[in-house]
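Sequence lines set the chain letters: A, B, ... in the order given, protein chains first and strands last, and positions in each chain run from 1.
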Amino acid sequence: MINITFPDGKVRSYEKGVTALDIAKSISEGLARKVLAANINGQVWDATRPIQDDATIKLLTWDDTEGKSTFWHSSAHLMAEAVESLFPGAKFWVGPAVENGFYYDIDLGDRQIVQEDLAKLETKMAELAKQNNPYVRKEISKVDALKYFGDKGDEYKLDLLGGLSDGSITFYTQGGFTDLCRGPHIPATGSIKAIKLTNIAGSYWKGDEKNKQLTRIYGVTFPQQKELDEYLKMLEEAKKRDHRKLGKELGIFTFDDQVGPGLPLWMPNGTIIIEELEKLAKETESKGGYKRVVTPHIAKESLYLTSGHLPYYADGMFPPMEMDGTTYYLKAMNCPHHHKIFAAEPRSYKDLPLRLAEYGTCYRYEQSGELFGLMRVRCLHMNDAHIYCSKEDFAKEFKAVNEMYLKYFKIFGIDRYVMRLSLHEPSKLGQKYIDSPELWVETEAMVRQVLIDTNTPFVEVPDEAAFYGPKIDVQIWSVIGREFTLATNQVDFAQGRRFNLEYTTKDNHTDVPLIIHRAPLGTHERFIGFLLEHYAGKFPTWLAPLQVKVLPISDKFLPYAQEIDQSLKLADIRSEVDDRSEKIGKKIRDTELAKVPYMLVVGEKEEADNVVSVRRQGKGDLGIQSLESFMGQIKSEISQRLSEENVS
RNA sequence: GCCGUUGUAGCUCAGUGGUAGAGCACUUCCUUGGUAAGGAAGAGGUCGAGAGUUCAAUUCUCUCUAACGGCUCCA
């Protein structure tokens, strides 16, 4: 007999060789039906795998993350079985569970899989699932495994086997399909009740674009049809707040074929948001001791040779232009221009820290397939600044930048993000990274210490640094789940030297400043794209392109409405009158859909008493107020940059 | 850039080997209405671009272009 310890600390004895599924059955049949896998001594196991020794157990169901991912991984195998039966000879690379479902990368040889095939595959999968075939685990020797896939001519699985050592190799078989797989898997195919194959994509083998492209099929499955229906409905809802859809509906931005891909045209409404963001940045930076500068959009090639950008970034820049026998580039970054401003005058320690800020316009040649609404564009306006400081001041400056981020995030109510400390990869020194090993170690430690000192939660990511130093990126997700870097804070120990930037120290020596590159508000493009989704188009009043719409009950009250509108405009409130000969219900509906924060309804009563009826978008009628009282409130809401949740 | 999908009116979308429709938006007229759609009439499209097949192409084929879902890449 062996002792099994449950999460609540209770211990029960079972026969040696008992399975998690047996244990679940001993508790209740209902639980046994729900068990997908089990956490045994901290490892996720098949629920059908015999337990030989004393162990702790946690039964995993659909409600556990590991239960879900096991379910989806098993679904990937089920899909592979269906693919093999409809496309004999298909070879399989890997088929993991992902955040919302699973995929499998497949080499179909000369054949192609198209959208219509997905329905056939779904039908086949449902048929195979109904057979309720068990997933059978088998330990196998490396020799036998190599022979099995060698006979099959499957170079992909042979490649995987190459990295595995004897004794750690397992096969899983369900129905007629056998795969090299670490597992674990759910007990049997029967619990996969609802299946949706979502899309087909190409995917490079081992993620390297020089390798062959495999066909990737994405799918998602559920234990109940109802859950699939809910999932699909959720996707529909998410699409409604997609910034590309909202941006068009609200007249924020547009693209034009003749202007070019990835080159957004900011419409009047979007321009207002840009101006409000710049106002916020200027106020904040001015208080933080920043000085504003303006620099050209192009520069000579030699500038980028000095900065060291060209060898690393040439592919990401627009092609060079020849002029008067000199090569020019459109700028992809503002830093070299700012360095030249630093270098324009002799600097002493008394000038430091010198903080140069610019909403700089950059052009980056993003590959065509990477463009994505406002989130990935080729023309961008960066909330850029460079801080030149001594090593002693570095921690203080870096911390102040971090605090600026958090201040901004509070204003916008941004709480779903991850701070990512990006580090260098020592084996790539001299290629991807500046070859100064000791400086890398030193600055990475400094940055990490600042994060620890300020209690900022972060994750460390190797091989993601800028070529000139480590950085902190703030990662966010678009409404359809794509990940982006919203803001960035980078240390640069390289460019100061490359540009011969110097300052005179207190003891009359010269030293090279450290440089901090920072963009807390990222770029207008990505930030506004993000805000559109974050607010679902319902901008807080301070950002809303139109803040108030005055709605006369009928044309008779148009003069009074225009008088109100004029007063608002004089108080710098963005206001308009709906002067159409429509019924009030229609005017309200259109203004609600346009997501204008406030509506002022005016008719006979209001004109007689010299008041307005206030209506808040999404909330309805707030009652009658004097215009002065309303203006006082909205002015205060705007000047404090309040979000709707803080507005009473 | 690569794999897959799509491109019809300002927007959302029908449709056809014989040069096109709906709803909303727009214009005009009627209506002057109290908190989410009043009524009527009208205007609006080289069916993404180019080439090919055909008596005839928006429809079939090819190329290009742009967008979308991914891969790679990135603020």
Inset, instruction - Could you tell me whether the phosphate oxygens of B:rG1, OP1 or OP2, come under 4.0 Å of any side-chain nitrogen or oxygen in A:S368? - result: yes

Inset, instruction - Measure the distance from CG on A:D609 to P on B:rG34 and round it to the nearest whole Å. - result: 17 Å

Legend entry - Test item: side-chain donor near acceptor, A:Y218 and A:R216, under 3.5 Å: yes

Inset, instruction - Just call it for A:K605: base, sugar-phosphate, or nothing, with non-hydrogen atoms closer than 4.0 Å on any strand. - result: base

Legend entry - Atom pair distance, as rounded to whole Å: NZ in A:K586 and P in B:rC26: 7 Å

Inset, instruction - Check every strand shown and say whether A:G207 touches a base, only sugar-phosphate, or nothing at a heavy-atom separation below 4.0 Å. - result: sugar-phosphate

Legend entry - Touch class at under 4.0 angstrom, heavy-atom based, for A:T591 against every strand present: nothing

Inset, instruction - Please evaluate the base of B:rC3 for a donor-acceptor partner in the side chain of A:R216 within a cut-off of under 3.5 Å? - result: no

Legend entry - A:K538 NZ: over 12 foreign heavy atoms closer than 6.0 Å: no

Inset, instruction - Give a yes/no on whether any side-chain N or O of A:R244 is located under 4.0 angstrom from OP1 or OP2 of B:rG69. - result: yes

Legend entry - For atom OH of A:Y598 and atom P of B:rA36, their distance in whole Å: 18 Å

Inset, instruction - Go through the steps for A:E464 and A:D473 under the test side chain to side chain contact (heavy atoms under 4.5 Å, CB included), then give the verdict. - result: CA-CA 10 Å; A:E464 288 284 331; A:D473 287 331; 5.8 Å; no

Legend entry - Sugar-phosphate only, base, or nothing, as touched by A:E604 at under 4.0 Å among non-hydrogen atoms: base

Legend entry - Check: B:rG1 base within 3.5 Å donor-acceptor of A:Y365 side chain: no

Inset, instruction - Quickly work out the A:Y560 OH to B:rG34 C1' distance and round it to whole Å. - result: 15 Å

Legend entry - Cationic tip of A:R526 above A:F484 ring, under 6.0 Å, 45° of axis: no

Inset, instruction - Kindly say if A:K471 contacts the phosphate of B:rA75, meaning a side-chain N or O under 4.0 Å from OP1 or OP2. - result: yes

Legend entry - Whole-Å P distance, B:rU53 and B:rC13: 35 Å

Inset, instruction - Check whether any side-chain nitrogen or oxygen of A:K556 sits under 4.0 Å from OP1 or OP2 of B:rG33, and answer yes or no. - result: yes

Inset, instruction - Scan every strand shown for a Watson-Crick or G-U wobble partner of B:rU59, both distances under 3.5 Å, and answer none if you come up empty. - result: none

Inset, instruction - Could you tell me whether A:R482 contacts a base, only the sugar-phosphate backbone, or nothing, with contacts defined as non-hydrogen atoms closer than 4.0 Å? - result: sugar-phosphate

Inset, instruction - Start with the C-alpha distance between A:R241 and A:E533, add both sets of side-chain angles, then the distance that settles salt bridge (Lys or Arg N to Asp or Glu O under 4.0 Å), and finish with yes or no. - result: CA-CA 5 Å; A:R241 55 195 295 171; A:E533 301 191 351; over 6 Å; no

Legend entry - Identified pairing partner of B:rG42, criterion: Watson-Crick or G-U wobble below 3.5 Å: B:rC26

Inset, instruction - Once you apply the 3.5 Å cut-off to both distances, tell me the Watson-Crick or G-U wobble partner of B:rG69, or none. - result: B:rC3

Legend entry - Position toward the 5' end of RNA chain B (nearest nucleotide), A:T488 or A:I624: A:I624

Inset, instruction - Take atom P in B:rG38 and the same atom in B:rA43, then report the distance between them in whole Å. - result: 24 Å

Inset, instruction - Give A:D621 one of three labels, base, sugar-phosphate or nothing, depending on what nucleic acid heavy atoms sit under 4.0 Å from its own. - result: base

Legend entry - Rounded P spacing from B:rU46 to B:rA9 in Å: 9 Å

Inset, instruction - Could you tell me whether A:E582 contacts a base, only the sugar-phosphate backbone, or nothing, with contacts defined as non-hydrogen atoms closer than 4.0 Å? - result: base

Inset, instruction - Check every atom of B:rA66, B:rU35, B:rG1 against the side chain of A:Q367 and return the nucleotide holding the closest atom. - result: B:rG1

Inset, instruction - Establish, with yes or no, whether the OP1 or OP2 oxygen of B:rC71 is under 4.0 angstrom from a side-chain nitrogen or oxygen of A:Y218. - result: yes

Inset, instruction - Identify the nucleotide, in any strand shown, that forms a Watson-Crick or G-U wobble pair with B:rC64, with both distances under 3.5 Å; if there is none, say none. - result: B:rG48

Inset, instruction - Quote, to the nearest angstrom, the C1' distance that separates B:rC11 from B:rA67. - result: 16 Å

Legend entry - Any A:R615 side-chain nitrogen or oxygen under 4.0 Å from OP1 or OP2 of B:rG34: no

Inset, instruction - Taking atom C1' in both B:rG1 and B:rG48, compute the distance separating them and give it to the nearest angstrom. - result: 22 Å

Inset, instruction - Indicate, with a heavy-atom threshold strictly under 4.0 Å, whether A:Y103 touches base, sugar-phosphate, or nothing. - result: nothing

Legend entry - B:rG33 pairs with, by Watson-Crick or G-U criteria that keep both distances under 3.5 Å: none

Inset, instruction - Run the ring-centre check on A:H243 versus A:F372 and record whether the distance is less than 6.0 Å. - result: yes

Legend entry - Aromatic ring pairing A:Y313/A:F467, orientation class (parallel under 30°, perpendicular over 60°, tilted between): perpendicular

Legend entry - Side-chain donor-acceptor contact under 3.5 Å, A:D463 with A:Y433: yes

Legend entry - Integer angstrom distance from the P of B:rA22 to that of B:rG15: 15 Å

Legend entry - Side-chain-base donor-acceptor pair under 3.5 Å for A:S203 and B:rU72: no

Inset, instruction - Mind calculating the distance between CD (A:E483) and P (B:rG70) to the nearest angstrom? - result: 13 Å

Inset, instruction - May I have the distance from A:R589 (atom CZ) to B:rG38 (atom P), rounded to whole angstrom? - result: 9 Å

Inset, instruction - Provide, to the nearest angstrom, the distance between the CG atom belonging to A:L374 and the P atom belonging to B:rC74. - result: 21 Å

Inset, instruction - Pick base, sugar-phosphate or nothing for A:G251, based on heavy-atom distances below 4.0 Å to the nucleic acid. - result: nothing

Inset, instruction - Classify the nucleic acid contact of A:I588 as base, sugar-phosphate or nothing, counting any heavy atom under 4.0 Å across all strands shown. - result: base

Inset, instruction - Using the C1' atom as the reference point in each nucleotide, state the distance between B:rU31 and B:rA40 in Å, no decimals. - result: 11 Å

Inset, instruction - Please state the P separation for the pair B:rA25 and B:rG39 - nearest whole angstrom. - result: 10 Å

Inset, instruction - Kindly say whether, by distance alone, the side chain of A:E606 makes a donor-acceptor pair under 3.5 Å with the base of B:rG34? - result: yes

Inset, instruction - Determine the contact category for A:L486: base if any of its heavy atoms lies under 4.0 Å from a base atom, sugar-phosphate if only primed atoms, P, OP1 or OP2 are that close, otherwise nothing. - result: sugar-phosphate

Legend entry - Nucleotide B:rC3, atom P - distance to CD1 of A:I217 in whole Å: 17 Å

Legend entry - Side chains of A:Y598 and A:R616, donor plus acceptor under 3.5 Å: yes

Legend entry - Sugar-phosphate, base or nothing in reach of A:G585, heavy atoms under 4.0 Å: sugar-phosphate

Inset, instruction - By nearest nucleotide on RNA chain B, pick out whichever of A:D555 and A:F255 is the more 5' one. - result: A:D555

Legend entry - Option passing side chain to side chain donor-acceptor pair (under 3.5 Å) with A:E358 (candidates A:R292, A:H337, A:H338): A:H338

Legend entry - No-H, no-angle donor-acceptor pair, A:Q475 side chain to B:rA75 base, under 3.5 Å: no

